[in-house]
Amino acid sequence: MSLAAVEAPVHRFGWGVAGEVGDLVAAHAPRHVLLVTGRASYVSSGAEAALAPVLGGRRVSRFSEFEINPRIQDVERGVAMCRRLACDLVIGVGGGTALDIAKSVRLLAAQQAEPRSYVVGGETITRRGPPLIAVPTTAGSGSEATQFAVVYVDGVKHSLDHPWVRPEYSVVDPALSLNLPAPIAASTGMDALAHAIESYWSVRSTDESRSYAVEAISLVMAHLVEAVTRPSPASREPMARAAHVAGMAINISRTTACHAISYPITVHHGVPHGHAVALTLPHMLVYNAGVTAADVADERGVAWVRDGIDRLAALIGASDAEGAGARLLALMRAISLETSLEALGIRDVETIVAEAFNQRLHNNPRRLTEASLRHVLAAAAGRPIQG
């Protein structure tokens with residue numbers, strides 16, 4: 001069966017499943033494959049060793065000339081390459097950036113207008129694009145499971161969101177994340193945890209998304225420290241699983257305030273995405289616990305939101321939101337992530353406030369104003385958490 005005929009995404013998970021990419025490629029019999037990878041991670045993760053044998057003998061062109069956070073210029077170059085070579089299958093291998101680039105390129109290469117018009121101009125997507133196989137090499141972004149891709153245009157984050165963005169196949173092999181450097185394992189691990197926590201409290205959460213989120217939170221809390229400090233198959237496999245199911249959770253619910261706030265922190269201060277998200281996660285949990293009838297954003301009501309926060313606190317291993325926030329801060333310290341904006345030299349909160357108000361912020365269960373956002377950022381600067 002042709003990959004193009006696959007409607008429901010197919011997920012492969014387990015040690016050594018990267019070798020099964022060959023079967024997926026053979027089923028499609030492509031004329032020309034576009035291979036989108038990180039510059040160094042393709043080799044260091046072991047992906048090249050796993051995929052080179054199964055891609056041997058096929059026409060494969062590699063695209064890896066992009067920055068660490070996906071920019072429209074990077075997408076445009078990839079689209080031009082995909083169109084010029086008439087690629088009829090795309091394989092994305094790497095972390096969130098590589099996978100988001102692959103997702104954007106495969107879809108936008110098939111459209112008639114130029115990429116920018118779809119990302120920022122509201123142009124209608126009319127063509128599906130060549131099929132995509134996504135192979136993550138980190139345990140964090142969950143991009144292989146989502147129908148959206150981040151693209152930065154002039155330093156502003158945009159999201160290309162469409163069902164056809166989602167890969168037809170995800171191949172999650174924990175072995176490819178075994179050699180992750182500790183700082184990347186820490187940052188991406190916190191990204192996965194934030195996906196799960198934010199998905200759980202999102203105004204768009206469902207029973208299904210919450211079930212994925214619960215699984216991911218439990219796995220991260222149990223295995224992240226070991227995966228960063230003493231990596232082994234016993235810790236990397238559950239982290240790979242956590243990242244994947246957290247991606248499935250946010251594909252339904254989307255992310256919320258912590259992600260919205262993280263984008264200007266990353267753009268203006270160079271803090272890796274997962275770390276940037278984690279900086280406000282403990283404090284947003286406490287903030288959301290203080291929801292009232294006057295500022296509740298979830299139509300299910302104040303009691304629903306508070307019950308959700310209580311359940312999250314228990315999953316994190318605490319009796320209340322303040323204790324859960326403290327546990328999250330302790331978790332960050334245990335994996336050597338700085339917890340304070342001020343210690344990272346981030347003092348210009350006004351730029352963050354000005355750029356944080358996007359759709360992801362509006363998914364938060366408790367509404368944020370500029371004043372309340374400054375309050376959260378003050379807590380993230382290193383002052384005591386207050387509800």
Side-chain angles (χ1 to χ4, degrees), residues 3 6-15 17-18 20 24 92-100 102-104 106-107 131-150 159-174 176-177 188-224 227 236-256 258-259 273-274 277 281 308 311-312 315-316 359-360 363:
L3 292 185
V6 176
E7 291 296 329
V10 175
H11 307 294
R12 304 273 180 97
F13 181 92
W15 288 91
V17 296
E20 297 179 15
L24 304 180
V93 185
T97 294
L99 297 187
D100 278 5
K103 289 158 70 174
S104 296
R106 78 78 170 252
L107 182 65
L132 171 62
I133 303 171
V135 185
T137 61
T138 64
S141 77
S143 181
E144 75 281 354
T146 65
Q147 68 168 54
F148 41 86
V150 170
S159 184
L160 185 65
D161 193 333
H162 191 279
W164 292 345
V165 174
R166 193 176 187 182
E168 280 77 11
Y169 280 81
S170 64
V171 179
V172 183
D173 188 338
L176 300 184
S177 64
T188 57
M190 288 304 299
D191 193 23
L193 181 59
H195 285 162
I197 291 174
E198 290 182 69
S199 177
Y200 194 91
W201 71 40
S202 170
V203 300
R204 300 175 60 175
S205 67
T206 66
D207 288 345
E208 182 181 4
S209 68
R210 282 190 159 195
S211 69
Y212 293 139
V214 167
E215 180 181 358
I217 293 167
S218 300
L219 289 170
V220 174
M221 294 304 298
H223 298 284
L224 178 56
R236 293 312 313 169
E237 181 170 348
M239 284 303 303
R241 172 68 183 174
H244 184 64
V245 295
M248 295 172 73
I250 61 170
N251 190 58
I252 297 170
S253 67
R254 304 305 190 266
T255 52
T256 68
C258 299
H259 270 72
H273 170 70
V277 173
L281 185 64
R311 291 172 184 268
L312 280 172
L315 284 168
I316 294 167
Q359 182 56 47
R360 296 297 188 248
N363 292 334

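With contacts defined as side-chain heavy-atom distances shorter than 4.5 Å, the pair P136/V172 qualifies. Inter-residue side-chain proximity for M239 and S177 is flagged as unmet; no heavy-atom pair is nearer than 4.5 Å. Between L224 and M190 there is a side-chain heavy-atom pair separated by less than 4.5 Å. Contact of the E168 side chain with the V10 side chain is not registered, since no non-hydrogen atoms from C-beta on lie closer than 4.5 Å. Under the 4.5 Å side-chain criterion, counting only non-hydrogen atoms from C-beta, Y212 is in contact with I252. Under the 4.5 Å side-chain criterion, counting only non-hydrogen atoms from C-beta, I250 is not in contact with E198. By the 4.5 Å heavy-atom criterion applied to side chains, V135 and Y169 are not counted as neighbours. In this structure the side chain of F13 reaches within 4.5 angstrom of the side chain of E237, judged on heavy atoms.
Looking at S218, its side chain does come within 3.5 Å of a backbone N or O of V214 through a donor-acceptor pair.
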Under the side-chain hydrogen bond (donor to acceptor under 3.5 Å, both in side chains) rule, what do S202 and N363 come out as? Steps first, then yes or no, please. CA-CA 6 Å; S202 170; N363 292 334; 5.0 Å; no
Would E20 and D173 count as a side-chain contact (heavy atoms from CB on, under 4.5 Å) if you check the C-alpha gap in whole Å, the side-chain angles of each, and the deciding distance to 0.1 Å? CA-CA 10 Å; E20 297 179 15; D173 188 338; over 6 Å; no
Can you check side-chain contact (heavy atoms from CB on, under 4.5 Å) on V93 and T137, steps first, answer last? CA-CA 7 Å; V93 185; T137 61; 3.8 Å; yes
In sequence, state the C-alpha distance, the side-chain angles, and the governing distance for H259 and H273, and then conclude on side-chain contact (heavy atoms from CB on, under 4.5 Å). CA-CA 9 Å; H259 270 72; H273 170 70; 3.4 Å; yes
Any chance you could lay out the side-chain contact (heavy atoms from CB on, under 4.5 Å) test for V277 and T255, step after step, and finish with the verdict? CA-CA 11 Å; V277 173; T255 52; over 6 Å; no
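Residue R236 holds its CZ atom at 11.5 Å from NE2 of H223, rounded to the nearest 0.5 Å. Atom CD1 in I133 sits 4.5 Å away from atom CG in L24 (nearest 0.5 Å). In this structure, OG1 on T138 lies 8.5 Å from CG on D191, to the nearest 0.5 angstrom. Between the NE2 atom in H195 and the OG atom in S209 there is a gap of 13.5 Å [rounded to 0.5 Å]. Atom CG of residue D100 and atom OG of residue S141 lie 6.5 Å apart, to the nearest 0.5 angstrom. Once rounded to the nearest 0.5 Å, the distance linking CZ of R12 with NE2 of H244 reads 12.0 Å.
In plain terms, the two heavy atoms of L107 and L160 that are nearest each other are CD2-CD2, 4.3 Å. The minimum heavy-atom distance linking R106 with V165 is given by the pair NH2-O, 3.7 Å. Closest approach of L99 and A134 over heavy atoms only: CD2-CB, 4.2 Å. In terms of heavy-atom proximity, R360 sits nearest to D161 at NH2-OD2, 4.4 Å.
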